[in-house]
Number of protein chains: 2
Amino acid sequence: MTIERRGPLSRSRRPTIKDVAEAAGVSRSTVSRALTGRGYAAPDVRERVLRAAAELGYVPDVMARTLKQQVSRSVGVLVSDLRNPFYAELAAGASREARERGYTMVLADTSLSAEAESEAAEALVALRVAGVVVTPNSSAVSTYLGSHGIPVVEVDRQFAAGSTDGVVVGNRVGARTATAHLVELGHRRIALFIDETDWTTGYERYQGYLEALSAADIKVDPDLVVSSGWDVADSRRRALDMLAGPDRPTAVFAANNVLAEGVWRAIGELGLRAPGEVSLVAFDDAPWMSMVSPQVSAVSQDTFNLGATAVRRLDERIEMPDADSVTTVLGVRLVARESTAPPPVL
Amino acid sequence: MTIERRGPLSRSRRPTIKDVAEAAGVSRSTVSRALTGRGYAAPDVRERVLRAAAELGYVPDVMARTLKQQVSRSVGVLVSDLRNPFYAELAAGASREARERGYTMVLADTSLSAEAESEAAEALVALRVAGVVVTPNSSAVSTYLGSHGIPVVEVDRQFAAGSTDGVVVGNRVGARTATAHLVELGHRRIALFIDETDWTTGYERYQGYLEALSAADIKVDPDLVVSSGWDVADSRRRALDMLAGPDRPTAVFAANNVLAEGVWRAIGELGLRAPGEVSLVAFDDAPWMSMVSPQVSAVSQDTFNLGATAVRRLDERIEMPDADSVTTVLGVRLVARESTAPPPVL
DNA sequence: ATTTCGTGTGGGAACGATGTCACATTCCTT
DNA sequence: AAGGAATGTGACATCGTTCCCACACGAAAT
């Protein structure tokens, strides 16, 4: 392998626009015009330049271009946790849309940590990215990037509604539909597992849950609302506690796929029959939900599309920096599977 | 929101090193030295510079720095399909390691397409990335990047062994162990579902399968080796065909998580009892495998670590460009669960 | 024949950070 | 007090590209 590294091509410096200009017998400016298509270039000259560039294996230096133009063709994408299929799929959607629109994607996994998030944001500023798509953990990122004049689109969660663009799903209606589905089946003691109830996504889903209960004249039992941490282990533990108790709920609505996994595991470990003894419905349809037995009913969101839409919105924002900010709400649909059924008769 | 965009900070240009120099009352060179830590800088001067930089919200322009130094602190990561949990986890590992080592990560999902892969590679050259980690679909990427003097680490699959670094898992031993596990349980008709058998990963896993059979004096039945496309639907269809047939195998070894899903679905649809009527073992332990019933036995690879190791190797290569190339082989282990048992007695 | 225009092309100045080099200052030693 | 060493400073070139302006050339119009 050492041989290649010492080969003529690798050791000699990369060809610059100047080399192309000399090879084609024109000036650097002409090469630039011929290659970018901006400005005049006689057909024969253009042809000559293109051939010279191809022969030399010339690749324009993005750094130099960006330095000159003061804005790059890269977008930053900040997601919370790539190991969660939700974020992975969102990133996949963002990636495809970015590629289609000629952007390079700089991705960082912020590991649910505010510190990593800030660090990543600073790196993106340094890179002079054209814009950023973020699943925010706080309002700090958007504020920071905004103060540097970098367009931001908040996706999934939205902290800076009104001042930045957002792409979210119908959290409230989705949660209401899921809860109402349980109510219609006859459930009255419906537990909610949720990460938090104060901001954006968590708030909306909580409200949806409350609305559905209130519409059915069911009084909310605070003991049935569990604010669990953002991991399977914690959610499982809390679910074990609740479902082992004497007056356990007849149904659980888990507000995201991680919490749903914890609850699902707890149900299995306790040997409870689902949906016979306890029904389960989740927000966010993860792949495993249609594979396990019983299949888990879920509010399905088009996550790939969520990512793609966010990048599309970002591109539009980059084109029109001064337009009013927009929040796009994507639809969700309830996929009723096997884990929801009428409650046991007492 | 329009208000903010027109605010004093966003409309005025970003602060440059010159602004910091003026604010601190020193020269640009001094600011550079104080901030980077390279070269002289008196303690009090350094302090003054740091404060001025912080006050102005100065963020060094990576583009300008890279242009000057001719090498960036970014690494490219090219993965086949972020929607596949395998690649998502690999990317997550790469992301964490990159961050820890002070690299920004430019990620592209190549969607299993050679065209997208080349396109992405060219973009990475243009970005002057310090190196690239890739799960290659062909040898073209590594060759191309190598010809531009960009260090490459091939991960999971390895096409350019010997000329570039690689990080792979013990594919052969893993496949052999999985197959031998079935043999030990008494199976003689063991099917192999695999994407291809000619290159790198597929070749090694195929060889492992053959070795295990040959060690047990079992003749290979070509009808039991299915080279399926890289998607669940195809694998499911092929599995339906095979398992519905008269002399179906008593066990299936699926060489990756996607094929395993197809086979698993087919088993379920045909109403076959697993492991009673057919055993299943997979290479690559996807999350769903420990959730479904019966839980699927699998050869588990530490995918997160695979990504992290690749970036670590890349960093080392960047530091020492002329060292001999290294292929790191990570261990795997068979996790025997419920889907493998002795074959039915005829 | 001179002006006017349009069409291509070339020259040179940015862009922002860094490193080199020559020089200026301070401090220590003799 | 003078010399030299040690430390800090600022001007300038550099990286590869793009953009602006100037200019050349020929044709058409006066």
Check this for me: A/Trp199, atom CH2, are more than 12 non-hydrogen atoms of other residues, nucleotides or ligands nearer than 6.0 Å?
no
Is the closest side-chain donor-acceptor distance between A/Ser80 and A/Arg157 under 3.5 Å?
yes
Please compare A/Thr36 and B/Arg28 by the position of their nearest nucleotide in DNA chain D and report the one closer to 5'.
B/Arg28
Side-chain donor or acceptor of A/Lys68 under 3.5 Å from a matching atom on the base of D/dT18?
yes
To the nearest angstrom, the CG-C1' distance between A/Asp61 and D/dT14 comes to 14 Å
Contacts of B/Pro60 and B/Arg33 projected onto DNA chain C by closest heavy atom; the upstream (5') one is B/Pro60
Using a cut-off of strictly less than 4.0 Å, decide whether A/Thr30 has a side-chain nitrogen or oxygen near OP1 or OP2 of C/dG10.
yes
Criterion side chain to side chain donor-acceptor pair (under 3.5 Å) on A/Asp315 and A/Tyr103, from CA distance to verdict:
CA-CA 9 Å; A/Asp315 190 21; A/Tyr103 287 103; 2.7 Å; yes
Whole Å only: how far is the CD atom of A/Glu22 from the P atom of C/dG11?
12 Å
Taking OP1 and OP2 of C/dT18, is either one under 4.0 Å from a side-chain nitrogen or oxygen of B/Ser32?
yes
Between A/Thr16 and D/dG16, is there a contact of a side-chain N or O with OP1 or OP2 at under 4.0 Å?
no
Value in whole Å for how far the P atom of D/dT17 lies from CG of A/Leu67
12 Å
Apply side chain to side chain donor-acceptor pair (under 3.5 Å) to residues B/Ser27 and B/Thr30 and explain how you reach the verdict.
CA-CA 5 Å; B/Ser27 75; B/Thr30 308; 3.0 Å; yes
Classify the nucleic acid contact of B/Thr66 as base, sugar-phosphate or nothing, counting any heavy atom under 4.0 Å across all strands shown.
nothing
Check whether any side-chain N or O of B/Gln69 sits under 4.0 Å from OP1 or OP2 of C/dG19, and answer yes or no.
yes
Return the value, rounded to whole Å, for the distance between atom CD of B/Gln70 and atom P of C/dA17.
17 Å
What's the CZ-C1' distance between A/Arg48 and C/dG8, to the nearest Å?
13 Å
By nearest-nucleotide position on DNA chain C, the 5'-leaning member of A/Ala64 and A/Ser29 is A/Ser29
Grab the OH-P distance between B/Tyr58 and C/dG16 for me, whole Å please.
10 Å
With a 3.5 Å distance limit and no angle check, can you tell me whether A/Arg317 reaches the backbone of A/Ala323 through a side-chain donor-acceptor pair?
yes
B/Asp44 has an atom CG; how far is it from atom C1' of D/dT9, in whole Å?
14 Å
From NZ of A/Lys18 over to P of D/dT17, roughly how many Å is that when rounded to an integer?
12 Å
